[in-house]
> 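Just passing along the structure, written as structure tokens.
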Amino acid sequence: MSYFRSNICSMSGYVPGEQPQGDGFVKLNTNENPYPPSPAVAVAVNEALQRGLQKYPDPMAGAFCRRASELLGVPPDWILAGNGSDDILTIVTRALVGEGQLLRLPYPSYILYRTLADLQGARSEEVHFEPDWTLPEAFGRGSDDLRLVFLANPNSPSGTVVPPENVLELAHRLPCPLLVDEAYADFAETNCVDLVAKSEKIMVSRTLSKSYALAGLRFGYLVAQPHLIQQFVKVKDSYNCDALSIAAATAAIGDQAWLAETREKILHSRDRLMTAMRDLGFIVPNSQANFVWALHSRQGVRSMYEELKRQRILVRYMVYPGWGDGLRITVGTDEEIETCVAKLRKIV
Ligand SMILES: *Cc1c(COP(=O)(O)O)cnc(C)c1O
């Protein structure tokens with residue numbers, strides 16, 4: 001006899017990428033930004049500290065929503081702030097998917113979606129991408145009990161994008177909301193924010209962890225039509241974002257010059273990394289994110305991952321049954337990439 005709900009006992013639990021405790025690692029495994037965030041962030045955090053932390057924060061993170069509203073071209077009440085975008089994904093799943101109901105996710109993609117379904121005691125249906133990373137017709141098919149569909153766009157681990165016109169068409173076919181997880185959209189050529197006004201079924205989540213270099217802070221948000229946001233508010237923790245993170249996030253998105261400059265550097269390094277990996281015989285889909293996905297045409301890559309780790313270079317090794325195994329390598333600085341590629345050249 002267990003104290004726990006049976007779905008908790010039988011699920012495996014999400015395992016985040018390794019955060020090494022020692023120094024001296026070149027860390028290219030969890031898609032963090034290699035550059036420090038905008039200097040405006042530290043200024044805003046200090047000001048918030050001066051104001052003091054005795055009082056509860058604004059439960060709706062209004063200052064952030066107003067600034068995000070200007071940037072995104074949607075009214076503030078179309079935005080819900082969260083403690084990282086994982087918090088947003090949790091709120092949305094809890095609000096929409098009940099026990100025994102169905103959640104659909106693409107495969108291979110972000111493994112957390114599956115975990116969120118398991119937590120609800122819901123059923124999850126993995127629909128495989130086509131070999132060229134387009135979505136099959138089955139991804140948009142209606143189905144009894146289907147309550148929510150996730151789509152990471154750009155996708156992880158592939159870095160590939162489903163074009164907005166296909167996303168809109170997908171939403172029209174689905175009987176339920178579609179959450180477009182745009183954790184990496186700042187590195188892509190397109191995004192789906194404008195589609196939220198076109199279809200109430202389209203919701204977009206974003207994070208400040210990657211493009212704004214604030215993974216340690218925990219801040220993300222959802223863009224959806226206001227009648228949906230009002231329901232999600234009932235599900236979230238009352239104070240899901242703290243005063244320091246609201247101040248920091250508001251300052252971060254206020255510095256678009258920093259974002260543009262950092263993005264340029266990362267896209268430039270991404271091109272170098274893709275080219276170098278292809279030269280080493282890896283198969284690398286064109287990435288629109290801040291990482292590249294590399295499969296080897298002739299050999300498994302597990303031993304390469306292990307050898308890199310021995311040499312204190314951490315990349316993400318992933319096995320997707322039916323798709324093989326690969327290395328997901330974060331776009332670090334040019335120097336970090338050069339170090340990684342030089343070691344791989346000796347290993348391969
Ligand atoms: C990193 C990531 C997230 C989570 O971001 P946080 O805001 O740090 O919780 C969500 N979705 C995908 C696909 C990611 O890669």
Side-chain angles (χ1 to χ4, degrees), residues 14-19 27-34 37 41 61 64 68 79-94 103-117 119 126 129 133 135 148-162 167 178-188 191-193 203-223 236-237 240-242 245-246 248-250 252-253 259 266 270 285 287-293 315-316 318 320 326-332:
Y14 181 72
V15 183
E18 190 179 346
Q19 299 293 337
K27 191 170 178 304
L28 303 174
N29 68 332
T30 47
N31 302 339
E32 288 132 331
N33 198 309
V41 169
F64 174 85
I79 299 167
L80 178 71
N83 181 31
S85 68
D86 286 350
D87 181 36
I88 294 293
L89 306 182
T90 301
I91 292 166
V92 167
T93 309
R94 286 176 67 198
L103 182 157
R104 180 176 293 156
L105 56 151
Y107 181 90
S109 189
Y110 192 33
I111 295 156
L112 181 74
Y113 306 146
R114 178 78 185 271
T115 310
L116 293 173
L119 285 169
E126 287 176 336
F129 276 104
W133 298 101
L135 287 171
L148 174 63
V149 176
F150 277 115
L151 177 66
N153 207 33
N155 186 47
S156 170
S158 60
T160 51
V161 163
V162 176
V167 172
L178 169 66
L179 190 133
V180 186
D181 178 349
E182 292 198 343
Y184 301 103
D186 286 326
F187 305 106
N191 67 68
C192 293
V193 163
M203 312 182 288
V204 169
S205 66
R206 294 268 180 94
T207 176
L208 274 70
S209 298
K210 279 77 181 229
S211 56
Y212 287 97
L214 291 173
L217 186 84
R218 313 307 305 136
F219 204 94
Y221 61 95
L222 178 74
V223 185
K236 79 178 189 75
D237 288 350
N240 59 331
C241 300
D242 65 85
S245 71
I246 295 169
T250 308
I253 62 168
L259 180 67
I266 289 174
R270 180 177 74 193
S287 171
Q288 291 205 34
N290 68 334
F291 54 83
V292 305
W293 175 235
V315 302
R316 190 79 175 258
M318 292 171 140
Y320 289 99
L327 302 177
R328 196 192 66 187
I329 307 179
T330 303
V331 178

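Only heavy atoms go into these numbers, but all of them, side chains included; no hydrogens, no water, no symmetry mates. As the structure lists them, so they are numbered: ligands from 1, and atoms in each ligand from 1.
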> Can you confirm, on distance only, whether ligand 1 has an N/O atom lying under 3.5 Å from any N/O atom belonging to Thr207?
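Such a contact does occur with ligand 1.
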
> Judged by non-hydrogen atoms, does Ser85 sit under 4.0 Å from ligand 1?
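Per 4.0 Å heavy-atom rule, Ser85 contacts ligand 1.
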
> So, the side chain of Asn153 versus the backbone of Glu182: is there a donor-acceptor pair under 3.5 Å, distance only?
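Checked: no pair found.
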
> Evaluate the criterion side-chain hydrogen bond (donor to acceptor under 3.5 Å, both in side chains) for residue pair Tyr14 and Asp86; output intermediate values, then yes/no.
CA-CA 12 Å; Tyr14 181 72; Asp86 286 350; over 6 Å; no

> Quick one, Phe150 with Tyr110, criterion ring pair (Phe, Tyr, Trp, His ring centres under 6.0 Å). Give me CA distance, side-chain angles, the key distance, then yes/no.
CA-CA 9 Å; Phe150 277 115; Tyr110 192 33; 8.8 Å; no

> Hey, which atoms in ligand 1 end up nearer than 4.0 Å to a heavy atom of Ser209?
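With Ser209 as reference, the close atoms of ligand 1 come out as 6 (P), 7 (O), 8 (O).
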
> Going by side-chain contact (heavy atoms from CB on, under 4.5 Å), Pro37 matches just one of Leu208, Leu217, Leu259, Leu214. Which one?
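Exactly one candidate clears the test, Leu214.
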
> Please confirm whether Asp181 comes within less than 3.5 Å of ligand 1 when only nitrogen or oxygen atoms on both sides are compared.
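Right, the criterion is met.
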
> When Leu222 is tested against each of Leu89, Val204, Ile88, Ile91 for side-chain contact (heavy atoms from CB on, under 4.5 Å), which residue passes?
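The single option meeting the side-chain contact (heavy atoms from CB on, under 4.5 Å) with Leu222 is Ile88.
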
> Check each atom of ligand 1 against the heavy atoms of Asp86 and keep those under 4.0 Å away; list them by number with element.
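With Asp86 as reference, the close atoms of ligand 1 come out as 3 (C), 4 (C), 9 (O), 10 (C).
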
> Among protein heavy atoms, which lies nearest atom 15 (O) of ligand 1, and at what distance?
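Ranked first by proximity to atom 15 (O) of ligand 1 is Tyr184 OH, 2.5 Å.
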
> Kindly compute the distance separating NZ (Lys236) from SG (Cys241), expressed to the nearest 0.5 Å.
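Reported value, rounded in 0.5 Å steps: 7.0 Å.
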
> Under a 4.0 angstrom heavy-atom cut-off, which atoms of ligand 1 come close to Gly84?
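That gives atoms 7 (O), 9 (O) of ligand 1.
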
> Taking the minimum heavy-atom distance to atom 14 (C) of ligand 1, which of Lys210, Arg328, Arg218 ranks first?
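Minimum heavy-atom distance to atom 14 (C) of ligand 1 goes to Lys210.
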
